[in-house]
Amino acid sequence: MKLRIDQKQLADAARRAHRRLPNNPLQPVLGGLLLASDGDSVTLSGFDYETSTRATLPADILEPGVTLVSGRLLADVTAAMPAGPVDVVADDHEVTVTAPGTVFTLPTINRADYPELPEPPAAAGTVDGDLLAAAVGHAAQAAMPDKEATGNMEGFRGVHLAADGDTLTVSASDRYRIVQHTVPWQPDSDATGSLLIPAADFAATAKQLAGQQVRVSFTGPDSSVAALAGGTLTVTSRTVAAPFPDIASFFPDPAQAVGWMRVDATDLLDAVKRAGLVNGKEELPVRLSFDRDHVTVRGGAEGSTGASQVAADVTDLDGFTAGYRPGFLGSLLAPIEGLAQIWFTTPNKPVLIVPVDDDSYRAVCMPVRLK
């Protein structure tokens, strides 16, 4: 293989692909990046059996070919090269990367045992990468940790994405909280579908593709692979085998609420954080108690206490007190700008949290039974 390519493009692609490779792969071959050149482009690919990345870059191809080289070394070397054109020459034993005044030689990896890369399904539509990254990144915080999502809980370890007309719905839950965002998108004709990708992988992919339009490919009837693509980069992910839980019935009905509160989300979030400071290392609950024009947030453990009052519009909650894990409640308030409305039924039932002026987000938080 022999080609010439722009240093910045090669370094950026190698860095992006290397970030998704395992740090200590059980099989050394999975730490490699596959370079395949043909026609007028070169493709850098990485794969760990769960996630694959492909970056296709324009290049002057003098001799087509395929080689496998350490992803870490290639990323480090190309980042250190001077700006401008870079020559890459590979044979069965080594890869030489050359720029004026700089030469690096890297050993190749035997690609005989390199796994076959999955083919991405056909794209179903396009979404703004920044909106997708924000929604998925936030939802991933509410997914169940992998070590807990076993057996019939496996579906909780992913972030679910579903298309309905010109809207994508992004959902996640760990049974103690539910997050749901809606994001506009441009479907191809009447495309519908859904996918469930492990939360950390989905968040990392969406973050990689932020800042551009992203093509979404749902899983097919005989496939367990979904894909996101933007610019030169395509990322496939193996989906979670278990179905995503039916969470629709767990959103409280505001008509059944005994009362509600409207409050500045940032002010309440700050009060929750302050109260949580005196709760010690354990995730003890903070207590919310209400008066007509304010909510008091209290925390404390082992003799330490803290309380903050926040101005609020409170209806029918006099004497009402409930407890919530500060990390959970805070994470659900974080994406709201401006006023939040929170609906309450009883101190031991979940609350519904929504922005007052934005119908693209809603969340549910389970309370903690207070002693």
Side-chain angles (χ1 to χ4, degrees), residues 20 22 25-26 30 47-53 115-125 127 132-133 135-164 167-183 185 191-209 214-229 234-252 325 327-328 331-332 350 361-366:
R20 305 305 298 274
L26 296 178
L30 297 181
F47 187 37
D48 65 357
Y49 288 111
E50 297 294 329
T51 302
S52 78
T53 61
E116 183 178 355
L117 292 164
E119 286 298 323
V127 62
L132 182 66
V136 172
H138 178 250
Q141 300 174 34
M144 186 177 290
D146 287 349
K147 63 182 180 181
E148 299 176 16
T150 58
N152 60 3
M153 296 290 108
E154 186 182 3
F156 285 100
R157 74 183 184 96
V159 172
H160 188 251
L161 182 71
D164 182 11
T167 299
L168 292 175
T169 301
V170 180
S171 308
S173 176
D174 58 5
R175 298 197 305 160
Y176 300 102
R177 53 189 165 165
I178 302 173
V179 164
Q180 191 167 84
H181 293 268
T182 56
V183 179
W185 82 317
T192 60
S194 64
L195 54 82
L196 181 61
I197 297 176
D201 289 344
F202 202 171
T205 298
K207 183 178 180 180
Q208 273 191 306
L209 296 172
V214 175
R215 301 282 290 169
V216 179
S217 301
F218 297 115
T219 51
D222 301 318
S223 172
S224 61
V225 172
L228 300 176
T234 299
V235 181
T236 70
S237 296
R238 192 173 302 279
T239 54
V240 177
F244 186 65
D246 182 7
I247 61 173
S249 62
F250 291 96
F251 284 92
R325 293 178 66 173
F328 285 1
S331 71
L332 301 180
Y361 173 67
R362 61 177 182 163
V364 173
C365 189
M366 290 293 296

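If you read the sequence from its start, that first residue is 1, and numbering goes on from there. Bear in mind that the values here come from a model prediction, so they are computed numbers and not experimental data.
Side-chain contact between L228 and V216 is present, with at least one heavy-atom pair separated by less than 4.5 Å. Counting only heavy atoms from C-beta outward, the side chains of P115 and L30 approach each other to under 4.5 Å. With a 4.5 Å cut-off on side-chain heavy atoms, Q180 and I247 count as touching. Counting only heavy atoms from C-beta outward, the side chains of P252 and V364 approach each other to under 4.5 Å.
For H181, the ring pair (Phe, Tyr, Trp, His ring centres under 6.0 Å) partners two or more places apart in sequence, or in a different chain, are H138, Y361. Remark: F156 pairs with no residue by the ring pair (Phe, Tyr, Trp, His ring centres under 6.0 Å) rule, at least two apart or across chains. In this view, R325 satisfies the side-chain hydrogen bond (donor to acceptor under 3.5 Å, both in side chains) rule with no residue, not counting sequence neighbours. The side chain to side chain contact (heavy atoms under 4.5 Å, CB included) check on D174 picks up M144, Y176, R177, F328, with sequence neighbours excluded.
R215 CZ: more than 12 foreign heavy atoms inside a 6.0 Å radius.
Here side chain to side chain donor-acceptor pair (under 3.5 Å) pairs that include residues 148-157, with residues two or more places apart or in two chains, number zero.
Between the side chain of R238 and the backbone N or O of S224 there is no donor-acceptor pair closer than 3.5 Å. Proximity of a side-chain donor or acceptor of S173 to a complementary backbone N or O of R175 within less than 3.5 Å is detected.
Going from atom CD of E116 over to atom OG of S52 covers 11.5 Å, rounded to the nearest 0.5 Å. To the nearest 0.5 Å, atoms CG (L161) and CH2 (W185) are separated by 7.5 Å.
Scanning both residues, F244 and G158, for their nearest heavy atoms gives CE1-O, 4.3 Å. The heavy-atom pair separating P118 from V225 by the smallest distance is CB-CG2, 4.2 Å. The shortest non-hydrogen separation linking L209 to V214 is O-CG2, 3.6 Å.
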Under 3.5 Å, sequence neighbours excluded: what are the donor-acceptor pairs made by side chains of residues 193-207?
residue: T205; atom: OG1; partner: R20; partner atom: NH1; Å: 2.9
residue: T205; atom: OG1; partner: R20; partner atom: NH2; Å: 3.2
residue: T205; atom: OG1; partner: D201; partner atom: O; Å: 3.1

